[in-house]
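Presented below is the structure to which this report refers.
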Amino acid sequence: MESELPNRIRVKLFKRHEDGLGFLIKPRTQKPFVAVSALVAGGLAEQSGLVHIGDTVLRVNEIDISERSYDDAVELLKALPVDAPVALILRGPDGYSTHLETTFRENGVPRTIRVTRKVVNNDSIVSRIRRTFSRASSASPNRNEGRSLSPCRNRSRRLEDKRTEGCFVDNQCCICDIDQNFPIVPNCNGTSYKNQRYQVKDAESQTKSNSPTIMSKNNSTMNHCDHSPTIVVTRPASQTDSDVTDADVKLRGRLSNTDRPTTVVTPGGHIDQHDNKKIEIHQNTEKITVVVKENGDLSKKHKGNMSTGKENGVIENNKLLLNSVMDNKSTLITNGEHSEDRAKQRRDSFSNINLYSPTSQRRRSSMAAVSPKKYVKLRNYADEKQVFTDTLHTKISQVVPCTNSKCLGSIMNHPPSRPVGEPRPQEELLTQAREFIDEYYTSIKRLNTEAYQKRWQEVESSIEKRGTYELTTNELTYGAKTAWRNEARCIGRIQWNKLQVFDARHITTARGMFEAICNHIKYGNNKGNIRSAITIFPARTDGKHDFRVWNSQLIRYAGYKMADGSVIGDPASVEFTEICQKMGWKGKNGMFDVLPLILQANGLDPELFEIPQDLVMEVNLKHPKFPWFADMGLKWYGLPAVSCLLFDCGGLEFTAAPFNGWYMGTEIGARDFCDAQRYNMLEVIATKMGLDTRKSSSLWKDRALVEMNISVLHSFQSQGVTITDHHAASESFMKFMENEQRNRGGCPADWVWVVPPMSGSITPVFHQEMLRYKIKPSYEPMEDPWKSYVWKKDRDKTKSLDRPKRKFGFKELARAVKFSAKLMNKALARRVKCTILYATETGKSERFANTLCEIFKHGFDAKVLSMDAYDFIDLEHEALVLFVSSTFGNGDPPENGESFAKNLHDLKSPKNAKNGESVSMSYFRMSTASDTDSPIENKEKEDEDDNLNAETGPLSNLRYSVFGLGSRAYPNFCAFAHFVDNMLNALGGERINKMGEGDELCGQEESFKLWAQDTFKMACETFCVGDANAIQEATGALSSTDFSWSPGKFRLTPEDNDKEVDITGSLTKLHGRQVQSCKLISIEQLQSKESSRETMLVRLDTMGAEDLNYAPGDHIAIFPANSTKLVDGVLSRLHNAPPPDQLIKLEVLQERTTPLGTTKSWCHFERIPVCTMRTAFANFLDITTPPSQAFLHLLATQSSRDVDRIKLENLANDIHAYEDWKAEAQPNLVEILEEFPSVKVNPSLLMTQMPLLQQRFYSISSSPQAYPGEIHATVAVVRFQTMRGVGPEHEGVCSTWLSRLQVGDNVPCLVRTAPQFHLPEDATLPIIMIGPGTGIAPFRSFWQQRKIDRDMLPEPTHGEKKGWGESFLYFGCRQNDIDHIYKSELTQAETDKSLTRVYTALSREPGVPKVYVQDVLKQNGKEVFEQILRRGGHVYVCGDVQMANDVSTTLCKIIQEFGKLSAEDAKFVMLKLREANRFHEDIFGVGIKSEATARDQAKRAWKYINAASKPTSGKEVVTPIPAAGICCLFPFFKTRTSVHPVENPDPP
Ligand SMILES: Cc1cc2nc3c(=O)[nH]c(=O)nc-3n(C[C@H](O)[C@H](O)[C@H](O)COP(=O)(O)OP(=O)(O)OC[C@H]3O[C@@H](n4cnc5c(N)ncnc54)[C@H](O)[C@@H]3O)c2cc1C
Ligand SMILES: Cc1cc2nc3c(=O)[nH]c(=O)nc-3n(C[C@H](O)[C@H](O)[C@H](O)COP(=O)(O)O)c2cc1C
């Protein structure tokens, strides 16, 4: 958005369904006829802050309406499509000036603000003061070239600066509006910043007189902001006038109001040379320090930001600022001095900037200067509308070497600032480290956090103690990418975020370097689909132990100088080729001999290595039209990998950091082959083309050049090797510039380098002004190492290496060549990190994630983390992340996935995050792949403009795949995993494998295995790791991880029996959550004895545990114990077991590699704490859930009879047999051991392989205020018969355990917050609670809370509304007399008005038709509609998912009927209710009936699929068929089989 004319702004809004563009208009009597009359509260116009009342509308989507009648314009506005962006040109109110400014926060996030000021010409005191000051500055010659610069354009750059505690300070051009009526621009506290002013003080005079040199007109306002920036100019006490340097005088002269010429200073930390003096500026977050340096030596050193103010000519500025370099006659302008008549000078000096454009270069004198403004406008001469405003250059870290009189823009390399090999001085390191750490933490939005402080302290103390420090992997990754981003000479930077960083800082030897480089090449090549990568070796320490790659590129051709002076091969390599030969390399004197690598580790003598031939990917050149082209035998390598630049990051210097991108064709076609000093092919080609080479005007060179380049592009493309042409590259660079402008306010660019070497002016970059400056991190040139290297053996003689003598023996060379692929893969395996994140509610996802980790360890540096233990910030820097997650509630994330989900959501929609909007859980649900037409998805589409695509999205470096666990008994199958998958993709992540889904009802484990195998293969392919062996090994791991038990691997050792087993403590350790002990107060039966069911009110004493504080709506998680009968059953079947009540320790035999060799020793296997066998089976292990197929397979190995073994193996291998068996018998461990009597079960096998016993959740049924220190639960006791009612009786673990507890018994538990199920904050709103059966549980806490609130609190008010909101309970049970739980409590609650009305639905009342809660809701439809939609009510549903869905459908119908809406609109309203967090669900699980139905259907479908097609090892994942009636079958067939879409094979 950019104003094109004064008082005009271009604003882009979105036309929304509800409130259109978000403003109202009214007619005007004169042109333009449309004016903004009001803003819709909360509408987009208001939110944007860019539209003001009184604006007139000039253009709408490029249509000029300024001349049109009001009615016409209204018609046009009305006709704009909904849900589409609209571009408006607005004119600010008359008498004001209006423009937009894009500002940047500390964290670099851009923000556009509108600045509207009254146009007043008052001659204020301040402006007079300013003019007084401006007299100090001599005018610079007018070099204005007619640029019109709006005087207000640079006025109020608004910065949000945490350090100013909420004040906006304009540290760019703070004084510009000093004589204006200040714009009403709210600061982040909502107050105006108009009174914040900078003070300029002469420290010396200040110490004497204690008064500032300049004061604002109003001291009180000036002091208004404690943090108003201050410039302090100090002079060392010792400094006499004769000591004062020129520049110093100039500084002081300016400040003391004398008119002297000055050369000073570019903003940022850099040095500007003037005569023989240097002024060095160090700018950090706190201040700028300027040190005047004479004859190249700093007269005083400074340390970090702790300037003493005693330095030679030091300017301190504790909030920063300081502008400008003028020419010889100009004077330093600080923000304290500027008047309107200076604006022209500023424009003039602006034109001094080194702008690299063809036109500007010619026009401008190439004087070294930096804008006195904090921005520079960069024009595009091909597109007048394309204007960039660079502010980034204010962060420059190093001046470009140009001077006031010379532009050195085309000089290739400049002399280094330090002698070769000399390490960076410590204070410089400290400053740069600070800047980098600040920048990094700003980028991850953690500046000034505790983590940041800690990190900085760590860095600082390391530098102080060791003279250096280490970057973390993330910092290194960020630094390497940013250095690329900053590289002014590179045209291909749009890819900067896609750089794969290989951290090779652990490497110590040349051989290690060689291996790493080979891996790098292999990764980069990627079979032609080239990927950018950098390998970073250890940083420079003392300068004597540098790591260097002596080659300028990893792959390059040799150049052999012949006796006659001619060169065979690449002339650019002659010098290096000679060095290789001197080191023993025997070239073949060919045109295209790949040079060996010369690698130097740790300052030792370099070593020479041949690159294995299969790693060198070469392209033979041919031409699409000229067959003779191929006969020339030209070829080129595919991987351009620069290895001679130093990676300068955070003050650390990485002297060996080879990196690669891919070629732009002209680099080969124009430069390598056609430069006269290179392969020089032009004439040869021209002759073959039959061109007239005698006169240049035939343009034979140009024509040959074009054909050469066509050949390069054609050959690369036809041989499948990535290459870009210069037009595409230029276009992408323009896009990059645009992105950079938007994202960080500028883009350093070197026109000389960026414009391609051929056809310059027909590429867009040619016409683009560019600003060349250097910011860190960066890649810097280094001197050729052989020029100064002293060979070890020559060191005594201190000879330099003019002629290296060292030769490699044959043996060493042979060894180098023999570098095997296997070794390479192993080395790489250690280097590619793979993070596996899981979110789980009942532990399965964690188990799967661990299995996945075992597989990935065969190729990667894999580790597993729970999503909530993961630092989300790291995601941006990850290369490979795998996700395994279940779905809970009704499409929600498991609890430990919630924060991750929120972070993902915020990353995708930062606007919501910024506004503090909560993420409705329904969001996840609606983000499933199948929901492409949902309004949510549409909303996502709206955000396409956000640039979150694979190229530039924040996660564009990430490769990922997701596996979802779920159950098709739930309508939102694997919804959370889909959400993660979709979000990552939308954020730019690259799926390496399609999302896998595992249905708990059918073949979950099988699906996982297939997905895991495929994912591993694809990850190996992606990262070029592993070979067939590794893949086989890993696949083996998949089948062996689950039963990696073997008899000799584990053992049980007896422990001292005096020790007590702390169950609660052990559970805490086991589950990684703080488990507390409650005591049972009482159990009360809630149903009559006549009822076939049992429901109880369980009351627990929290024993004062703070962790057990809760709010109504939260859950309690109870850790039960298995029934004594079952435990005894298991114990009696164990083979070779210690006595059941003996304390035992489970140990594992672990292998360790020590310097003395490999040793094996027994270590505690922490999965199970030290306890008795009885405790282990009672409290820690799940012995009731039917075991997995993997477990059955293991049991089969322990069977001594064939019949058992074969049957077990059949179950383990045949998914259908297994699913049938599991569904019918639901066998627990005891039953299995009975069914297979010959299985001699080893206790350690069970203890290591059985899943852990999980907690059960219960909706808390009490209010903490009604029952302080207590938690109540309403628990239905689970008892059922297997085999569809004819098998043995089974008991629910937790509910029956609770039912058997005695008063005072311990109940290990924890509280799980359910913020989505809390009472509304506005107590005046009506609430509708729907909870049949135990679904009533949480509502008991609600009505208790309401009673307390009514008794204790004043009547609530909310706006117009007053009084307690009504509350309606819809309860359901079978029979009124025997099943109506809490009947009397409910009657009482109605009486005391904590419930307005209770509706009871009876489903088995004798003689009465069945009624369910949804039926009653329907009957009350009109009221329900009123309560929810007219009166803003909240709906709460609790119970099983089937009931919840029926209720949801009923509500939808009610909304449709009484809202007179279409079915679709009614659904949309429901969705909105969910989004607004007004429709709450608390899902217990799936009802037994629907589970059985779903299971049956899934099983049949599964069989059908498998009959139709056996799983393949292709990309697609086997996805079991869903339960018909719940999901559509069709999409699942599509995924992996060639079977035609079919109807449900066996419809219910
Ligand atoms: C968020 C949340 C809140 C909950 N709140 C409550 C609550 O307030 N009150 C409450 O009572 N429960 C509540 N539950 C359910 C509760 O967590 C337990 O699932 C329930 O108590 C059963 O646990 P259990 O250990 O007794 O049974 P388990 O040992 O876990 O056995 C249950 C399993 O047995 C099988 N089964 C059960 N009945 C039959 C049958 N008739 N035929 C065949 N198989 C059968 C099913 O496979 C079922 O999954 C809630 C669940 C969640 C997730
Ligand atoms: C209360 C509850 C709600 C569930 N909701 C869903 C759901 O909405 N969608 C789904 O696909 N699976 C749902 N499931 C099934 C689980 O995702 C499935 O059991 C999974 O295997 C659990 O994996 P975990 O142990 O990693 O949590 C639910 C399970 C429970 C107990």
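Note that ligands are numbered from 1 as they come in the structure, with each ligand's atoms numbered from 1 the same way. In what follows, residues are counted from 1 in the order of the sequence shown.
For ligand 1, one of its N or O atoms has an N or O atom of Thr1274 under 3.5 Å away. Remark: ligand 1 and Tyr1258 share an N or O pair separated by less than 3.5 Å (distance only, no angle test). At least one N or O atom of Thr842 sits closer than 3.5 Å to an N or O atom of ligand 2. Distances between N or O atoms of Thr840 and those of ligand 2 include at least one value under 3.5 Å. Backbone and side-chain nitrogen or oxygen atoms of Gly843 are examined, and one is located within less than 3.5 angstrom of a nitrogen or oxygen of ligand 2.
Each of Tyr1110, Phe1257, Tyr1436 was compared with Phe1317 under the ring-ring contact (aromatic ring centres under 6.0 Å, His included) criterion, and only Tyr1436 meets it.
Using a 4.0 Å cut-off to heavy atoms of Phe973, the atoms of ligand 2 that qualify are 11 (O). Short contacts between ligand 2 and Gly891, defined as distances under 4.0 Å to a heavy atom of the residue, involve ligand atoms 7 (C), 8 (O). The distance from ligand 2 to the heavy atoms of Gln1004 drops below 4.0 Å at these ligand atoms: 21 (O). Proximity to Ser845 (heavy-atom distance under 4.0 Å) selects the following atoms of ligand 2: 24 (P), 26 (O).
Contacts of Gln1226 with ligand 1, taken as heavy-atom pairs under 4.0 Å, involve the side chain alone. The side chain of Val1278, and not its backbone, has at least one atom closer than 4.0 Å to an atom of ligand 1 (non-hydrogen atoms only; side chain from C-beta on).
Outside the 6.0 Å centre-distance limit, the rings of Tyr1370 and Phe1339 are not counted as a close aromatic pair.
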